[in-house]
2 protein chains.
Amino acid sequence: MDEGSAADRVRNRAKRVSMADVARLAGVSSQTVSRVSNGHPGVVASTRQQVLAAMRELGYRPNSAARALKRGEFRTIGVVLFTLSTTGNMRTLEAIATSAAQEGYAITLLPVAAPTHDEVRGAFTRLGELAVDAFIVIMEVHLLDAATVALPPGVQVAVADSNAGDRYSVVDTDQAGGAGAAVRHLLDLGHRTVWHVAGPEESFAAQRRADTWRAELAGAGRPVPPMVRGDWSADSGYRAGLRLAEEPDCTAVFAANDQMALGVLRALHEKRRAVPEEVSVVGFDDIPEAGSFLPPLTTVHQDFAEVGRQLVQGVLRQLRTESTEPGTTLVPTRLVERSSTAPPPGGTPR
Amino acid sequence: MDEGSAADRVRNRAKRVSMADVARLAGVSSQTVSRVSNGHPGVVASTRQQVLAAMRELGYRPNSAARALKRGEFRTIGVVLFTLSTTGNMRTLEAIATSAAQEGYAITLLPVAAPTHDEVRGAFTRLGELAVDAFIVIMEVHLLDAATVALPPGVQVAVADSNAGDRYSVVDTDQAGGAGAAVRHLLDLGHRTVWHVAGPEESFAAQRRADTWRAELAGAGRPVPPMVRGDWSADSGYRAGLRLAEEPDCTAVFAANDQMALGVLRALHEKRRAVPEEVSVVGFDDIPEAGSFLPPLTTVHQDFAEVGRQLVQGVLRQLRTESTEPGTTLVPTRLVERSSTAPPPGGTPR
DNA sequence: GATGGGGATGTTTACGCAAACATCCGATGC
DNA sequence: GCATCGGATGTTTGCGTAAACATCCCCATC
């Protein structure tokens with residue numbers, strides 16, 4: 001029966017305590033409860049104690065919906081991302097969450113099932129309805145472009161992994177700096193040239209790393225070997241490695257991330273090409289396991305924590321000033337030299 | 001008049017469009033706008049089109065605070081966790097987010113800076129004030145215990161990685177099943193006994209895996225070698241591996257996660273103990289990279305996606321029935337045989 | 001042609017909180 | 001002793017939405 005179930009629901013529902021309830025018990029007005037709740041001055045100590053006691057007794061907790069409605073802000077940042085499965089996204093998210101918490105902001109996650117325009121558009125629509133003051137997007141730029149139309153006005157955005165610095169506040173690892181350092185490190189060791197296992201085409205980061213690799217080689221007057229494309233996974237790195245193992249003059253490999261470098265190491269091992277004696281390998285990311293690869297991997301360290309921090313700071317600054325701050329902030333990288341790189345066999349040919 | 005308000009809106013973009021604005025433009029009542037907004041029936045197609053057009057023109061997006069205030073629910077689940085850095089947490093979180101999104105729920109992240117009682121308590125307090133209908137805790141049980149007092153009444157909880165099934169709805173990987181399968185696999189190959197590299201003491205999962213390892217050996221009447229303790233990291237696995245490499249009769253190792261197994265592989269490699277010819281190694285988790293280790297790692301596959309799904313389902317069920325459902329749901333594991341295990345040198349001694 | 005019924009739409013109201021404004025009262029100054 | 005002031009507290013109001021209720025009008029039925 002309709003009435004029955006409704007009544008049941010009312011009875012069962014731990015009917016939440018409101019300020020009015022507290023006020024009644026404490027014998028004050030609800031406004032005084034509000035003042036105590038928000039730590040406003042102008043409440044005499046004895047009254048405050050009474051109110052606090054009443055709150056405790058009733059188990060009062062403020063209704064954030066009403067609070068947000070009144071205040072017009074949620075103190076929450078939405079984070080749109082495609083997947084948590086990549087090291088970078090995951091670590092960035094963690095940093096964002098930590099950073100936001102410090103600022104008194106919560107994080108609402110908005111996973112996008114598939115990196116298609118429709119999905120992203122849908123995600124943005126949902127975000128628009130979400131209890132969110134601003135958001136951070138961790139996603140490839142061309143998808144963002146497609147979704148821009150749906151971007152709710154008046155909501156601030158910061159973006160990672162993108163080159164949309166002309167329109168948004170973008171924070172990114174210094175891809176060029178890192179990739180350049182990796183390639184130069186190998187050239188400096190005496191390798192004639194460097195082969196590259198790239199990430200997927202759609203990735204802005206992958207594209208930047210590949211571009212820099214090419215430019216660096218060209219700048220040094222070295223031949224540019226054909227690029228091998230992977231998809232970030234160790235498996236794709238393995239397949240790429242099998243191909244590279246066939247190339248007798250391949251003595252140095254720069255993989256666009258550590259997982260693919262791991263796959264390359266496995267392929268080279270299987271094909272009896274010793275690392276680093278015959279072939280040197282450099283990765284990118286410096287995942288925690290990189291130091292335990294066989295051999296321990298020389299790689300480019302990314303400061304994801306800093307990226308996350310900057311994203312949060314950027315978006316909050318925009319929120320406070322109510323203005324967008326287009327521009328790109330680069331977070332520097334650092335080459336971590338371990339045991340997967342060495343001079344080429346036969347020493348420096350130069 | 002109209003122009004004036006439009007200009008205001010542009011200038012002062014904080015001024016959000018409300019249902020009333022849409023209603024005015026569409027020439028209907030705000031209730032009709034509400035009906036369209038929520039897809040209620042009983043609105044004639046032509047009216048609906050008018051309203052939708054007005055929404056588009058004004059860039060209307062519903063105010064979720066007001067909506068939540070009215071409805072008494074946020075359609076949001078809070079997730080408390082200590083760190084995203086472990087494979088398990090991260091993958092579980094991803095599954096939770098996906099699962100929740102399908103149910104129309106958003107996820108709010110509540111990272112706990114340090115796994116101390118105070119931190120957890122603080123997190124729970126904040127959660128209580130957060131716009132959250134229920135929450136999911138991914139955390140060691142003893143911390144949860146300490147924080148129970150602060151658990152807001154009337155908020156449903158589901159827990160992962162815990163043995164608190166008597167009080168909460170707990171979902172966990174079948175740790176015992178997985179660890180048992182790992183140990184039995186090694187014994188079945190003919191190894192006399194199995195050494196164990198355990199996870200940190202505080203971890204419930206680590207404890208369960210170690211207990212099962214011990215019980216399984218005892219059940220088979222095998223000697224139980226001293227346990228080596230790690231901290232989940234590849235580095236700690238490496239240190240453990242160095243120790244195990246010293247043991248001449250150690251032919252089989254069960255590491256409590258894949259990262260530590262990776263470290264063990266490296267140590268064994270450095271000490272010239274061939275895997276799997278001399279020593280067999282089994283991991284736990286089946287991280288995506290496990291198949292690319294040297295050699296590809298035999299490991300216990302965990303279905304994190306299913307754990308996340310069950311957590312969300314469980315907490316939503318409790319939300320709907322307004323009742324707690326204590327009990328533990330176990331998600332089965334699967335042993336993935338790759339190339340890091342083989343019969344012991346000299347064949348089966350049995 | 002009157003009547004009733006039902007679908008479409010409008011009006012009222014309350015959700016819980018906090019800003020703005022109103023009131024009260026004791027203390028201070030002249 | 002009276003006006004004044006300021007701190008403590010109370011009252012009113014409205015944020016945007018959606019349930020509940022009210023109204024209107026068209027159409028089928030007799």
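Heavy atoms only: backbone and side chains are in, while hydrogens, waters and symmetry mates are out.
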OP1 or OP2 of [N] versus the side-chain N and O atoms of [X]: is any pair under 4.0 Å?
X	N	result
B/S18	D/dC15	no
A/S34	C/dG16	no
B/T47	C/dT9	yes

Run the numbers on B/V79 and B/L110 for side chain to side chain contact (heavy atoms under 4.5 Å, CB included), then give the verdict. CA-CA 6 Å; B/V79 178; B/L110 214 85; over 6 Å; no
DNA chain D contacts made by residues 35-44 of chain B, counting heavy atoms under 4.0 Å: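 Within this stretch, B/N38 sit under 4.0 Å of the strand.
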With a 4.0 Å cut-off on heavy atoms, is B/V28 in touch with a base, just the backbone sugar-phosphate, or nothing at all? sugar-phosphate
Candidate nucleotides [options], ranked by approach to the side chain of [X] - the nearest:
X	options	value
A/R71	C/dG10, C/dG16, C/dA18	C/dA18
B/P62	D/dT17, D/dA19, C/dG10	D/dT17
B/L69	D/dA18, C/dA19, C/dG16	C/dG16
A/M19	C/dC17, D/dT11, C/dC15	C/dC17

Give the intermediate values and the outcome of side chain to side chain contact (heavy atoms under 4.5 Å, CB included) for residues A/I136 and A/L81. CA-CA 9 Å; A/I136 293 176; A/L81 34 62; over 6 Å; no
Can you tell me how far [atom2] of [N] sits from [atom1] of [X], to the nearest Å?
X	N	atom1	atom2	answer
A/E73	D/dC15	CD	P	18 Å
B/N63	D/dA18	CG	P	10 Å
B/R24	C/dG10	CZ	P	14 Å
B/K70	C/dT12	NZ	P	16 Å

Can you confirm whether the side chains of B/T108 and A/T108 place a donor and an acceptor under 3.5 Å from each other? yes
B/S37 side chain to B/R67 side chain, donor-acceptor N/O pair below 3.5 angstrom: yes
On DNA chain C, check which nucleotide each of A/A66 and B/Q31 is closest to and give me the residue with the more 5' one. B/Q31
Which heavy atom of B/S169 sits nearest a heavy atom of B/Q318, and at what distance?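 Taking B/S169 first and B/Q318 second, the nearest heavy atoms are CB-NE2, 3.1 Å.
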Give the minimum heavy-atom separation between B/S99 and B/R309, together with the two atoms involved.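 That closest heavy-atom pairing would be OG-CG, 3.1 Å.
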Given that A/R48 and B/R67 both sit by DNA chain D, which one's nearest nucleotide is further toward the 5' end? A/R48
Let me know which of A/L319, A/I96, A/I107, A/D133 forms a side-chain contact (heavy atoms from CB on, under 4.5 Å) with A/I77.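 Filter result, single survivor: A/I107.
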